[in-house]
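Order of the sequence lines sets the chain letters (A, B, ...), proteins ahead of strands, with each chain counted from 1. Worth saying up front: this structure is predicted, and the values here are computed from it rather than measured.
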Protein chains: 2
Amino acid sequence: MTINEVIDQRLGAPVAPSHGKLRPLGLREVTLRPGFWQRRQDVNRANSLAHIEHWLEKAGWLPNFDGAPRRGREFSDSEIYKFLEALAWELGRRPDPALEARYQAVVARVAAAQEPDGYLNTNFGRPGQQPRYSDLEWGHELYCYGHLIQAAVARARTYGTDRLVEVAIRAADHLCDVFGPDGIASVCGHAEIEPALVELYRVTGNDRYLQQARLFVERRGNQVLDDIEFGRSYFQDDVPVKSASVFRGHAVRAMYLASGAVDVAVETGDDALLDAVTRQWRNTVARRIYITGGIGSRHQDEAFGEDFVLPPDRAYSETCAGVGSVMLAWRLLLAQGDPAYADLIERTLFNVIATSPSDDGTRFFYTNTLHQRVLGTEPPADQLVPRAASTLRAPWFSVSCCPTNLARTFAGLAAYIATCDDSGVQIHQYAASTIRVGEIALEVDTDYPASGRVAVTITESPAEPWTLTLRVPHWATEATLDGAPVSPGLLHLRRRFTPGDTVVLDLAVRPRLTAPDSRIDSVRGCAVVERGPVVYCAESVDLPPGVAVDALRLDARAEIGDVAGGVGVTCRIVEPPESPWPYGTESPDVIAAEGVPVTLRPYHDWASRGPSTMRVWLPLA
Amino acid sequence: MTINEVIDQRLGAPVAPSHGKLRPLGLREVTLRPGFWQRRQDVNRANSLAHIEHWLEKAGWLPNFDGAPRRGREFSDSEIYKFLEALAWELGRRPDPALEARYQAVVARVAAAQEPDGYLNTNFGRPGQQPRYSDLEWGHELYCYGHLIQAAVARARTYGTDRLVEVAIRAADHLCDVFGPDGIASVCGHAEIEPALVELYRVTGNDRYLQQARLFVERRGNQVLDDIEFGRSYFQDDVPVKSASVFRGHAVRAMYLASGAVDVAVETGDDALLDAVTRQWRNTVARRIYITGGIGSRHQDEAFGEDFVLPPDRAYSETCAGVGSVMLAWRLLLAQGDPAYADLIERTLFNVIATSPSDDGTRFFYTNTLHQRVLGTEPPADQLVPRAASTLRAPWFSVSCCPTNLARTFAGLAAYIATCDDSGVQIHQYAASTIRVGEIALEVDTDYPASGRVAVTITESPAEPWTLTLRVPHWATEATLDGAPVSPGLLHLRRRFTPGDTVVLDLAVRPRLTAPDSRIDSVRGCAVVERGPVVYCAESVDLPPGVAVDALRLDARAEIGDVAGGVGVTCRIVEPPESPWPYGTESPDVIAAEGVPVTLRPYHDWASRGPSTMRVWLPLA
């Protein structure tokens, strides 16, 4: 058995803690086979990477490194680094000389822009620019280092030391000099450097990076940054991580910070810190999350709302916040093993991560609303979209954090499927895949989530008994294992496996109606249709002509079942009376006596057939 | 009869159209007597004006005119002008040498800052500043002129020509040179210059100002400004005024623009333009307005949401948007006479304008939420609040448009009570007051809205018959006139009145339950308690210890009636089960079998007794 050995960096795991309940597997240990996720991973490699590179050039963000007149927002350097991270994971997954050459070319331009002392940012410190570190609230300099370092970590874990890794280490050494115990006693307005430095520590063994990350985590929350219009909670500088009870402020910032805090806690053995993040995660998931797994209900500051403020029609649910939520839940899962983390990862993957990109991987949702009231317009293919909330997927944004965040996530996606520990292998996510850990090899066959049948075949096994652990999602109350009923939670199958053995988990995927907590005011009297891990929605393109999506009232007593292309439900159509004043109307709504059949579609596919209005939550008849 | 004579500027009417169905009365024609509104007007004069002047000095916005290093946002000059407008109306209402001296001192500082060519703005064109008119989207230069001109118009209408009037005319001539038919073919990112120029035309008779206003109204909507993150709808540059169907974008901008469009339409006889604004007003009031009369449901861009997107807990309902809504409805009322406009003015006055200031007139709500979920904190008395959405009233804001907007509104408030026309006098708003028009004089006695009894006594009258018109609000379905039932709408009493005659209108003010249009998703299954024109709310300070405002479920079948200090209702208390995931909970809410009596209070008084949570819309049991 080699499954508990020191992690081999070259196996390529996106997160590699030194301690924890579960050990991650790398991209050479888990590979996707044809199915829901492999299709998206292939599109990412085949289309999205080139699309991203095209826009990084066109928008001027890559030429910034060549000394061209500065274009783009203050954080645009980070998009180049996330692109490099995606390339690194892709090259680690499957080498390709042409892709390698593109990677090398971009790295050369990045390296050339680094100052002799290690400083690297195209937006500060040059003639005519603001001085370095003169705007920690909004400047994003440490945030950009964070993504640079993450790219380098991906390269180190899939290839080894190279020029990018050297650039990142020089930048890290520089920032530790400047922001160390005797340096600038502050933090970056956007967390990200924290998990990056811990990951760099894991790669290099240099304790200095871990200590600097710890310092950043401990400083934040003590009002080290200036107050701003959105309040210090925006960048989590209102309350120290150890004292906070729930995630708040800018959702992406909150997820990256919490990820870094978990990393610091795990490496330093700081259980109080880990407990604090766990508490915040639980409270957030109980009260501040959309049914899609999306987080952030405020457009104004891309932030969490207060408890139970989850309006579908102003859901922000930023794609990057979904990425950050997966990053955090994955770290907590590795540390603690609780299947609730994998439940949320699954929900977020199927309903946020899978929703953002178009089928061909060249258009994206930045925000992921749960209710589209008016028909959108197709954003032009050759223009930056100046706002986040596009009504249809857009090719690129003035703030284009999401496409590159998706690219690096899809490239490393296989790593989230399974883990191992002393006892054996744990499968957390169900996708057609091959898993290989030491002497164990598994084939997972499934067309999940289309059906709930998951067959796990042991193709290699040591002679001794070991444990195959399978997650039964919290919604799978009718699941069976080899025909016998099983309950949601973890199934531990400890056996002496023989190659050829197959276990069949059936998650009994079928449509179900889900009601909201009564404290979510914005969806009172509504229900949503879910099917397995997938949230469904009504789209106007599927309705009879002239019927608006907002006129639907779901008949909860009528049958709900699978139909071609989706889930069939029955709705009544209402015609509210027109009134000059929308309160106290005396004439009630006219409700059609007869129900009409309506096909609901997976939310992640919405807006794929042209402009459409859409509802996830349907008022009950 | 003199009621149809050419308007005497010196009577002091805030808006003075040359044409229209109704003629406004000035501050020397209508005066308040002790009651709901006089108390607020007195507090404004006694406390708010000094409070505002203190902050304009302290924040550095007045010293900007003296050449001090520039402080404040790009539009801070406008606060000085709105302060001057408030002083002008107050001085016109009741002269006072000390107040006059303060007015003169501020005018002298403003005048000294004007450039030789008439340009006047402390934020542009000086050494180290951006050039004049280099940022029409955000620079607010024409917006500031607009408020300068409005202040001058107030002075001209209450006093005559003085230094401020001369400064404003020079600024107006300058801007007409620069933005005229052969000048910069654009508009200001924030409308306001449009109504101001028409009002200056009315004061001076100089047609150039009217033509310039017309040009600004006609240019806007043709994409003359750059696209921005919020879209061009933010500053109404998406669709020309004549083509738009509903108000959209930034609510204050929308109201000021529409007010200017009505002014242009009335003066130029452009019925198509007037019809367009009327259509937009009707569609907005039918679908985009809070029950308080508040407008703007988006924090992000202080903007209208889409139809029926009216979340109570993220209501923006900016105080200034309420002021703008009153400005617009008043202009439409003068033009067309429809009592629906006066209905909305009343609702907005009692539930937005009266809600913003504290009892002592030194703290203010910038936004007016309809649902406060968490206890707020008292903003410090001596600090600028950097954000609009204070949870308790704040003394001053980084963007402090609302206090000065309230000050000018309270100073001129009496003018909104009544109008006249060829046939007689119309009373639109009920407040203890004295109305004097030509040979007609009336005393209005009432403690409205505490009770609905309004006694109108004719104290002077010509010998011939004339018509006293009274508005019966749309909610007053049980009103009586001298004991006989009357219907909502206008009552025209054409009589030969004799001094001493009294008519008694009883609006039968009592609590009532109001349901929302079923398309307002965010308040589905809820109701609100109204009493006369006043919206009521539940506040946590009035609940039994340990009961949260969100735990209330209104028993709609129980009796609702007046109790000491408010309206008594019966609520059940719910205890939702705690759950790790807020969807699909199988255990239902625990609802107390017994109802508890709860006293609801007027919404405009909320947050007057320290931190409190609050709900206007109560879920039904």
Side-chain angles (χ1 to χ4, degrees), chain A residues 227-231 282 285-287 289 291 297-301 305-314 340 343 371 373-374 386-388 398-399 474-475 512-526 528 530 550 574 576 578-585 588-589 617 619, chain B residues 227-231 282 285-287 289 291 297-301 305-314 340 343 371 373-374 386-388 398-399 474-475 512-526 528 530 550 574 576 578-585 588-589 617 619:
Chain A
D227 195 9
I228 56 168
E229 184 192 347
F230 305 141
R282 287 199 180 131
V285 171
R287 294 167 171 242
I289 194 161
I291 194 160
S297 62
R298 294 191 180 182
H299 280 242
Q300 184 184 28
D301 43 1
E306 289 153 0
D307 287 353
F308 303 113
V309 182
L310 294 161
D313 51 11
R314 288 291 279 169
D343 279 351
H371 183 182
R373 291 172 176 270
V374 296
R387 60 201 65 90
S398 304
V399 176
H474 70 108
W475 51 262
R512 63 188 188 278
L513 266 190
T514 303
D517 189 296
S518 69
R519 289 166 290 190
I520 306 176
D521 285 291
S522 52
V523 293
R524 179 168 288 113
C526 296
V528 68
E530 298 182 279
D550 287 333
V574 301
E578 286 308 314
S579 162
W581 177 245
Y583 305 103
T585 314
D589 291 354
W617 289 98
Chain B
D227 195 9
I228 56 169
E229 185 192 347
F230 304 142
R282 287 199 182 132
V285 171
R287 292 168 172 241
I289 195 161
I291 194 163
S297 62
R298 294 191 179 181
H299 281 241
Q300 184 185 27
D301 44 1
E306 289 154 0
D307 288 352
F308 304 112
V309 182
L310 294 161
D313 51 11
R314 288 292 279 171
D343 280 351
H371 183 183
R373 290 172 177 269
V374 297
R387 60 202 65 91
S398 303
V399 176
H474 70 108
W475 51 261
R512 63 188 188 277
L513 268 189
T514 303
D517 190 295
S518 69
R519 288 166 288 189
I520 307 177
D521 286 289
S522 52
V523 292
R524 179 169 288 114
C526 296
V528 69
E530 297 183 279
D550 287 333
V574 301
E578 284 310 313
S579 163
W581 177 247
Y583 305 102
T585 313
D589 293 353
W617 289 99

Measure A/Ile520 against the heavy atoms of chain B and call it side chain, backbone, both or neither at under 4.5 Å.
side chain
Heavy-atom contact with chain A under 4.5 Å, split by part of B/Asp307
backbone
I need the residue from B/Val523, B/Leu310, B/Val574, B/Val309 with the largest number of non-hydrogen atom pairs under 4.5 Å to chain A.
B/Val309
For A/Trp581 and B/Ile289, which heavy atoms make the closest approach, and how far apart are they?
CZ3-CG2, 3.3 Å
Side-chain contact test, heavy atoms from C-beta onward, threshold under 4.5 Å: evaluate it for A/Asp227 versus B/Arg387 and give yes or no.
yes
Does any backbone or side-chain atom of B/Phe308 lie under 4.5 Å from a heavy atom of chain A? Answer side chain, backbone, both or neither.
both
Could you have a look at B/Val285, B/Asp343, B/Asp301 and say which one has the most heavy-atom pairs with chain A under 4.5 angstrom?
B/Val285
Quick check on B/Ile228 against chain A: is it the side chain, the backbone, both or neither that has a heavy atom closer than 4.5 Å?
backbone
Top of B/His371, B/Arg373, B/His299, B/His474 for chain A proximity - count of heavy-atom pairs under 4.5 angstrom:
B/Arg373
Chain A contact via B/Ser518 - which portion, at a heavy-atom distance below 4.5 Å:
both
For B/Asp521, is it the side chain, the backbone, both or neither that has a heavy atom under 4.5 Å from a heavy atom of chain A?
both
Non-hydrogen atoms of chain A under 4.5 Å away: do they reach the side chain of B/Pro580, the backbone, both or neither?
backbone
For chain B, which of A/Arg282, A/Arg298, A/Glu306, A/Arg287 has the most heavy-atom pairs under 4.5 Å?
A/Arg298
Interchain contact, B/Arg314 with chain A, by part (heavy-atom threshold 4.5 Å)
side chain
Highest number of heavy-atom pairs under 4.5 Å with chain B among A/Pro576, A/Cys526, A/Ser522, A/Pro619 belongs to A/Pro576
Chain A contact via B/Trp475 - which portion, at a heavy-atom distance below 4.5 Å:
neither
Hey, does B/Glu530 have a side-chain heavy atom less than 4.5 Å from the side chain of A/Tyr583?
no
